[in-house]
Every structure is written in structure tokens, then in C-alpha cells.
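The structure presented is a predicted model; accordingly, all values stated were derived computationally and were not measured. Below, all heavy atoms of this structure are taken into account, side chains as well, without hydrogens, waters or symmetry copies. As the structure lists them, so they are numbered: ligands from 1, and atoms in each ligand from 1.
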Amino acid sequence: MSSPVILWFRQDLRLHDLPALHAAAQAGDVLPVFVLDDDAAGAWTPGGASRWWLHHSLAELAASIREAGGELSLRRGDTATALLALCDSVGATQVFCSRRYEPWAAAQESAVNERLAAAGIGIKRYGGALLHEPGSVLTKGGDPFKVFTPFWRACRREPIGAPKEMPTVRWAASRPRSESLDDWELLPHSPNWAEGWETLWAPGEAGASARLNQFLEESVQTYADQRDLPAIDATSRLSPHLHHGELSPRQIWAVCEQYKDAYPEASASVGKFQAELGWREFSYHLLHFFPTIPEDPFKANFAGFPWSTNHEHLERWRRGMTGYPIVDAGMRELWHTGYMHNRVRMVVASFLCKHLLIHWLEGERWFWDTLLDADLASNGCSWQWVAGSGADAAPYFRIFNPITQGEKFDKSGGYVRRWVPEIADLPNKYLHSPWETPADILEHTGIVLGEHYPKPIVDHRSARQAALDAYEVVKISNTAAA
Ligand code: FAD
């Protein structure tokens with residue numbers, strides 16, 4: 001019996017369009033493994049919501065492999081040690097995997113490479129998580145882009161290969177004993193804040209593909225017009241699937257191109273959706289060239305920003321009790337579903353950094369723990385974008401007004417009423433600024449502000465002025481740190 005090759009699954013929990021699986025299948029009998037290495041990511045170990053997703057995604061992957069005739073081996077512990085032991089037990093001399101791009105993961109790859117090489121085992125790494133490998137799209141002068149639009153224009157000039165179906169795989173006959181997924185305790189128990197998430201989400205490759213099809217059938221044509229309306233299910237909600245590698249951006253890209261051919265009148269809307277994938281690419285590109293982006297301001301002069309350390313404000317923001325309905329609706333949506341609409345993410349992030357003057361790192365951390373799509377590149381870059389300290393960021397003086405944002409993007413109040421039911425009876429006119437409601441209307445609805453729903457924790461106008469004053473202090477310029 002020939003010795004098998006190891007397929008080391010990482011953040012690529014799928015069987016279709018997976019370059020590492022194709023290469024492994026050509027090299028020999030495939031023995032798939034996933035290693036839960038609790039220490040590898042250091043401060044960026046997956047948060048609670050991501051662990052919930054990971055549990056279900058791994059269960060789905062294991063079931064798909066079993067159906068195809070193989071067996072996913074689960075190991076917990078130091079990755080290099082686990083891979084070495086596995087190779088030793090089955091006589092494998094080759095490991096195949098997909099690349100990851102977080103700084104810790106790149107360091108992990110080097111360390112694993114070194115340890116395996118010392119034992120005579122080769123490791124081969126493949127792309128598959130992005131449309132373009134980081135570093136492959138550069139300015140004419142060979143420098144990294146720092147602005148999205150020219151970056152995306154340059155990306156569009158690069159070819160994107162066609163996605164591949166799952167190859168014919170000969171799964172290894174040797175089946176080393178797997179650890180039990182349940183023993184890993186990735187699911188929350190006390191309190192089980194994820195109760196009911198199964199009805200909202202379908203982690204795994206099949207769920208990802210169903211979600212993509214549903215989006216194409218129901219929403220892609222109106223995406224450009226409705227993507228900013230949080231009350232409507234107008235966006236793809238593919239982000240947790242993409243983050244966990246349950247489908248590749250190349251697969252999404254290909255079906256979008258087919259869709260545009262079939263429905264040319266929808267090209268602009270589909271193109272807008274494709275450009276959002278571009279922001280994901282841009283975030284990874286930035287993380288590759290500026291690996292401290294999740295922790296340090298991209299614009300160095302933000303290092304001296306006079307952030308507030310008001311814990312009560314931070315806690316009120318986390319719990320959705322700021323007294324600003326659109327902010328509170330977003331924070332509660334996040335807590336209850338592990339997701340928040342993009343428009344509302346921008347509003348709540350701006351509110352934290354600018355109205356409350358609390359460091360974007362606090363927001364990034366909270367999102368890290370609570371988002372199902374928590375992603376080091378997209379989360380770090382997006383927070384810096386809102387704070388004004390990032391590459392191609394919103395200018396510092398762009399302070400989202402939580403009242404007008406609510407009035408504009410949740411005009412009929414469906415989103416706020418869903419997540420902040422205690423003020424659902426307010427007329428639309430006052431729904432986004434309850435403190436302006438005339439006393440007789442409050443009395444009629446029986447809502448007592450400060451009792452049933454908080455009064456605003458800061459005054460919008462003075463908070464806005466304080467933010468502008470604070471930014472003056474650091475004399476913002478557009479000089480990048482890098
Ligand atoms: P769609 O509108 O359907 O977009 C399709 C895909 O494009 C998304 O699934 C996502 O992969 C990508 N995408 C869309 N917008 C962005 C963006 N601005 N930046 C990067 N990629 C984007 N996205 C994450 O995937 N993980 C995060 O941790 C994350 N943190 C964020 C934090 C803040 C403060 C903000 C403002 C945005 C953050 N985003 C993050 C980006 C964006 O909000 C989500 O990707 C989007 O809401 C996911 O919903 P969707 O799949 O329906 O998006």
C-alpha cells in the first residue's frame with residue numbers, strides 16, 4: 001500500500017474549487033486533517049461566534065468527506081506536532097494546504113515548514129481564498145496600492161481562472177483515530193447565546209452554495225439600490241461562508257459573470273456586488289503589506305489621538321443601550337444573530353470612535369468576539385476606515401449622524417422596530433430621535449424614556465464637536481505610516 005498524502009484543512013472548509021485538494025488528489029491517496037491549535041493565533045484566536053460557526057462547518061465538512069468515502073481526522077494541539085505525528089503514523093511524506101494571510105498564520109506556516117522539513121516531509125501551499133494572491137497586483141512602479149479604486153481597476157485587468165469542481169479523490173485507506181468534535185466544546189453552553197442560530201444560518205459548503213443561489217434568485221438585481229437598507233434582506237450574507245472558506249470568491253465571481261451574460265440589464269447591480277468582493281481583496285492586500293493594521297493606526301499621527309476610557313459608555317454601546325435607536329438596533333442584531341448589516345456597522349463604528357471617542361481597537365475586539373464573519377483583514381481595515389486612520393479611509397470629519405442615518409436608511413423603521421421593540425409604538429417621525437417625542441405622544445404610547453428605553457448617553461451636537469476638536473489635537477494629515 002502506498003503512503004498517503006496529508007491534506008491539512010485550515011480556513012478552506014470545502015471540497016470544490018480547492019487548489020490544495022486538486023494537487024493532493026494528483027499526488028496520491030488523500031488523508032484529510034484539521035488541527036485545532038488554540039495557541040497559534042495568539043491574541044487573534046477565533047472569538048465565540050466564529051467558534052460556533054467552525055463547529056458546524058467542520059461537522060458539515062466531515063460529513064461530506066465521509067459521503068465521498070473518506071474520513072476527516074481531527075487533532076487538537078500544536079499544529080507541527082500534530083502533523084508530524086500523523087505523518088509518522090501513516091508514513092506520509094507530503095502535506096498539502098491552502099495559504100492563509102494573517103501575520104500569525106504566515107509565521108505558523110514557516111514554523112510548520114521548518115519542523116516538517118527537518119523530518120524529511122515536504123509541505124506545498126496553494127491559493128484559493130482570494131481572486132488575486134496578495135502582492136500580485138501592484139502599481140506600475142511596483143508599490144502596493146493604498147487607495148481602493150486604482151487597486152480594483154488593476155485587479156480587473158488580471159485574469160481570474162475558472163473554478164474547478166471537486167476532483168476524483170482516492171481517500172487514504174488508513175484511518176487514524178479522530179478526536180471528537182463535541183469534545184472540543186466550540187459551542188457555547190452557559191449561557192447559550194447562539195440558541196436559534198441554526199434557523200438563521202447554514203454553515204458548510206452546501207449552505208454556502210444554497211445561500212449564493214438564493215441571493216442570485218432573489219436579491220442580486222436590486223442589490224445596488226437596496227444594499228444599504230438594513231430592514232431588507234438585500235445583501236448576500238455570504239461573509240461567514242467566505243471567511244471560513246466554504247466557497248471561493250472565484251466561484252462567486254464565475255456565477256456573477258454568467259448572470260450578467262444571461263441578464264445584461266442587471267450588470268450594474270451585479271458589478272456593484274462584485275466590487276464588494278474587491279473590498280475584501282483590498283483588505284487582504286493591505287494586511288499583506290501592512291501586517292500591523294489590526295493593531296496600529298495606518299496613519300501614524302493617529303497614535304496620539306486622545307481616546308476616552310469611559311467603560312460605562314463602552315458597555316452601553318456593546319449592549320445596545322446608547323439611546324440612539326439605529327446604533328442600539330445594530331448592536332442587538334449583532335448579539336442575537338452574530339451578524340450586522342454593513343451600513344449599520346459603519347454607523348455603530350462611527351458612533352463608538354467619534355461620538356464616544358472610544359478607541360477603534362475596542363470595537364474591533366468586540367466585533368472579533370461576536371461576528372460570525374470576524375476576519376482579521378476585513379475587520380481591522382474596516383474599523384480603521386471608519387475611524388479615519390486607515391488607508392483610503394473616510395475623512396476624519398465624516399461623522400455619521402445616527403439620527404439622519406436612521407431616517408435615511410430605515411425610513412419606515414422596520415429595522416429599529418425589530419431590534420428595539422420597546423419603542424416600536426413611536427411614530428416614524430420620532431423613531432430615530434425618541435427624546436424629541438412630544439410628551440402627549442409618549443404618554444399615549446406608555447413609553448417612559450430613561451425607564452423603558454435609555455435617554456441618549458451623549459448629545460449628538462456636542463459629541464460631534466468634541467470629536468472634531470479631538471481630531472484637531474492630533475493634526476491629522478494624510479501621511480501614511482508605512
Ligand atoms: P455583501 O454586501 O453581500 O458583500 C459580498 C461580500 O463582499 C461580503 O460577504 C464580504 O466578503 C465582502 N465585503 C462586503 N463589504 C466589504 C467591506 N467593506 N470590506 C471587506 N469585505 C467586504 N466583513 C467581514 O467579512 N468580516 C469582518 O470582520 C468585517 N468587519 C467589519 C467591521 C466594520 C466596522 C465594518 C464597517 C465592516 C466590516 N466588514 C467585515 C465588512 C462588511 O460589513 C461585511 O463584509 C458585510 O456586511 C457582510 O455582509 P454580506 O455578506 O451580506 O455582504
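Only the side chain of Y339 comes within 4.0 Å of ligand 1, counting heavy atoms alone; its backbone N, CA, C and O stay farther away. Within the 4.0 Å heavy-atom criterion, the part of A374 lying near ligand 1 is the backbone and not the side chain. If you look at W385 next to ligand 1, there are no close heavy atoms at all, none under 4.0 Å. Neither the backbone nor the side chain of W368 has a heavy atom within less than 4.0 Å of ligand 1. For F273, every heavy-atom contact with ligand 1 shorter than 4.0 Å involves the side chain, none the backbone.
Atom 3 (O) of ligand 1 has its closest protein heavy atom at S236 OG, 2.6 Å. The single protein non-hydrogen atom nearest to atom 22 (C) of ligand 1 is E276 O, 3.6 Å, given as residue, atom name and distance. The protein heavy atom nearest to atom 17 (C) of ligand 1 is W279 CB, 3.8 Å. Closest to atom 39 (N) of ligand 1 among all protein heavy atoms lies R345 NH1, 3.5 Å. If you check which protein heavy atom lies closest to atom 43 (O) of ligand 1, you get N342 OD1, 2.7 Å. Annotation: atom 35 (C) of ligand 1 to nearest protein heavy atom, S382 CB, 3.3 Å. Protein heavy atom at the shortest distance from atom 30 (N) of ligand 1 is N379 OD1, 3.1 Å. Among protein heavy atoms, atom 27 (C) of ligand 1 sits closest to D373 OD1, 3.4 Å.
If you number the atoms of ligand 1 from 1 as listed, the ones under 4.0 Å from a heavy atom of L242 come out as 9 (O), 11 (O). Applying the 4.0 Å criterion to heavy atoms of M346 picks out, from ligand 1, the atoms 36 (C). Taking every heavy atom of R280 and a limit of under 4.0 angstrom, the matching atoms of ligand 1 come to 11 (O), 20 (C), 21 (N). Residue-ligand proximity, R237 to ligand 1, at heavy-atom distances under 4.0 Å covers atoms 50 (P), 51 (O), 52 (O). Every atom of ligand 1 is numbered from 1 in the order shown, and the set under 4.0 Å from a heavy atom of S239 is 9 (O), 25 (O), 48 (C), 49 (O), 51 (O).
For the residue pair Y126 / D12, no side-chain donor-acceptor distance below 3.5 Å is found, with atom types taken as modelled. Inspection of the Q11 and H243 side chains reveals an N or O donor paired with an N or O acceptor under 3.5 Å. Judged purely by distance below 3.5 Å, without hydrogens or angles, the side chains of S64 and E205 never pair a donor atom with an acceptor atom.
Of all heavy-atom pairs between K299 and G390, the closest is CE-O, 3.4 Å. Shortest non-hydrogen contact noted between L356 and W317 is CD1-CB, 4.1 Å.
Using a cut-off of 4.0 Å between Lys/Arg side-chain N and Asp/Glu carboxylate O, R332 and E422 are scored as salt-bridged. Contact check on R211 versus D233 returns a salt bridge, with a Lys/Arg side-chain nitrogen under 4.0 Å from an Asp/Glu carboxylate oxygen. A salt bridge links D373 to R345: at least one charged side-chain nitrogen sits closer than 4.0 Å to a carboxylate oxygen. Of the charged side-chain nitrogens involved, at least one lies within less than 4.0 Å of a carboxylate oxygen, so that R318 and E315 count as a salt-bridged pair. Ion pairing between a basic and an acidic side chain is recognised when a charged N comes within 4.0 Å of a carboxylate O; R51 and E185 show no such pairing.
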Worksheet item: Can you check salt bridge (charged side-chain N to carboxylate O under 4.0 Å, His left out) on E109 and R125, steps first, answer last?
Response: CA-CA 9 Å; E109 273 173 37; R125 291 167 280 193; 3.3 Å; yes
Residue pair R280, E276: steps toward the salt bridge (charged side-chain N to carboxylate O under 4.0 Å, His left out) verdict: CA-CA 7 Å; R280 179 174 179 270; E276 295 308 313; over 6 Å; no
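The shortest N or O to N or O distance between T235 and ligand 1 is under 3.5 Å. Not one N or O of S283 is nearer than 3.5 Å to an N or O of ligand 1, by distance alone. In terms of polar-atom proximity, L238 is counted as a contact of ligand 1, with an N or O under 3.5 Å from an N or O of the ligand.
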